[in-house]
2 protein chains.
Amino acid sequence: MRWQDIDQQPCSMARALAIIGDNWTLLVLRDCFLGVRRFDDFQQRLGVTRHVLSDRLRKLTEGEILEKVAYQQRPLRHEYRLTGRGRDLYPVIAHLAQWGDKYLADSKGAPVLRIHKQCGHPLHAQLQCGHCGDIVEAKDIRVEEGPDYIGQLLPAQMTSRTK
Amino acid sequence: MRWQDIDQQPCSMARALAIIGDNWTLLVLRDCFLGVRRFDDFQQRLGVTRHVLSDRLRKLTEGEILEKVAYQQRPLRHEYRLTGRGRDLYPVIAHLAQWGDKYLADSKGAPVLRIHKQCGHPLHAQLQCGHCGDIVEAKDIRVEEGPDYIGQLLPAQMTSRTK
DNA sequence: AATAGTCAGTTCCAATACGGAACTCATAGT
DNA sequence: ACTATGAGTTCCGTATTGGAACTGACTATT
């Protein structure tokens, strides 16, 4: 299977990764959340080739994660802004950055601090269950196939097990 | 800049993505959290070529996200299991899948349900601030450079702004 | 004893994607 | 007239991928 066909799988993650799972795309999104909006700024900060950047920005725009907004006429120039859909990816970015801070930081500490405006402290991101309010880890979750997918998605040993 | 050199940047996300940001790697991790552990099972479920799978599993093992555990001798066979570090990536996977469920699902609904064992309901993942307990969105965060990186990481307009 | 099957890879080759650099096009500034 | 800005596109040599076959150490079946 080619990478460009994975969005046809019945899997939400596969479809999400078809848009943002490319090699440079999550770094583009990192910069979006830092306030970068213009082509040349992305290019200089990331060091990615212009060709690849152009392709990734196009895919993000087609996926409605970014939108092109004109910031001047004559000559017409656009900048890339996060849409609501795009901003909803923030938890992914926050947890990814926090995981990197925890396991891959060098002696100089975390390069960027994410401060929670409301309480003023560096964000310590936790995964919370919206229903009961508990903090959730991998071991607290069991998976089930949706009604239309029984017996199709999970490895055999998972369909009978609790864990 | 080549993709293989991004782990040298002073950015936790870049370093994390150097291990898990490759095209197929997050799908490999998805399957790990579904309980898949063996080479051929990954290969059949993902449809990725064996060559690429071998490479990605090696990188995940080198990054201590997976570990090779012998499950039989004669002939010696290994399976790939998530380490503690690997399980700590669960919030990333959960939010990614939820984002896909929300924006990219078709008429058949979410293919896989993640049930929170403690409360029995499908997980509604939320990003919570561990300090104050509030639910956090992108707009609630401002970024600051770490002490050793002043003036080096953020786009110019962010260093003076609040947002 | 010979054959087929399992499993985790490795090897080979053609097709695709990437990195680097230069180039385009419309316009503004000096 | 000349230079700069900004968002790309074009070109070309190199690196990576997709697909399929092959390897090697066994176990199971005939």
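Note that the structure is a prediction, hence the values are computed from the model and not measured.
Across the protein-nucleic acid pair, Q72(A) atom CD and dA28(C) atom C1' stand 9 Å apart, rounded to whole Å.
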A correct 5'-to-3' footprint of nucleotides 6-11 of chain C, with B, S and - meaning base, sugar-phosphate only and no protein heavy atom under 4.0 Å, is BBBBB-
Atom pairs and distances, side-chain donor-acceptor, residues 90-104 of chain A, under 3.5 Å, sequence neighbours left out:
residue, atom, partner, partner atom, Å
H95(A), ND1, P91(A), O, 3.2
Q98(A), OE1, A125(A), N, 2.7
Q98(A), NE2, A125(A), O, 3.0
W99(A), NE1, R85(B), O, 2.9
D101(A), OD1, S12(B), OG, 2.3
D101(A), OD2, R114(A), NH2, 2.9
K102(A), NZ, D88(B), OD2, 3.0
Y103(A), OH, D88(B), OD2, 2.4

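At a non-hydrogen distance threshold of 4.0 Å, M1(A), R2(A), W3(A) from residues 1-11 of chain A come into contact with DNA chain D.
First and last contacts of DNA chain D with chain B, using any nucleotide atom under 4.0 Å from a protein heavy atom and ordered 5' to 3', fall at dT16(D) to dT27(D).
Summarising the geometry, atom CG belonging to L123(B) is positioned 5.5 Å from atom SG belonging to C129(A); distances are rounded to the nearest 0.5 Å. Atom CE in M1(B) sits 12.0 Å away from atom CZ in R45(A) (nearest 0.5 Å). Atom CD1 of I65(A) sits about 6.0 Å away from atom CG of L29(A), to the nearest 0.5 Å.
By the side chain to side chain donor-acceptor pair (under 3.5 Å) test, D55(B) pairs with R58(B), K59(B), sequence neighbours left out.
At a threshold of 4.0 angstrom between heavy atoms, the contacts of R58(B) with the nucleic acid are absent.
Other residues, nucleotides and ligands place more than 12 heavy atoms under 6.0 Å from the NE2 atom of H78(B).
Look at E79(A) and R81(A) and you find a salt bridge, because one of the NZ, NE, NH1 or NH2 atoms lies within 4.0 Å of a carboxylate O, short of that distance.
For residues 119-150 of chain B, every residue pair satisfying the ring pair (Phe, Tyr, Trp, His ring centres under 6.0 Å) rule, not counting sequence neighbours, is listed here: H121(A)-H131(B), H131(A)-H121(B).
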*asked:* Quick one, D31(A) with R38(A), criterion salt bridge (charged side-chain N to carboxylate O under 4.0 Å, His left out). Give me CA distance, side-chain angles, the key distance, then yes/no.
replied: CA-CA 10 Å; D31(A) 275 5; R38(A) 297 191 184 175; over 6 Å; no
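Side-chain polar atoms of D134(A) and Q128(A) form no donor-acceptor pair below 3.5 angstrom.
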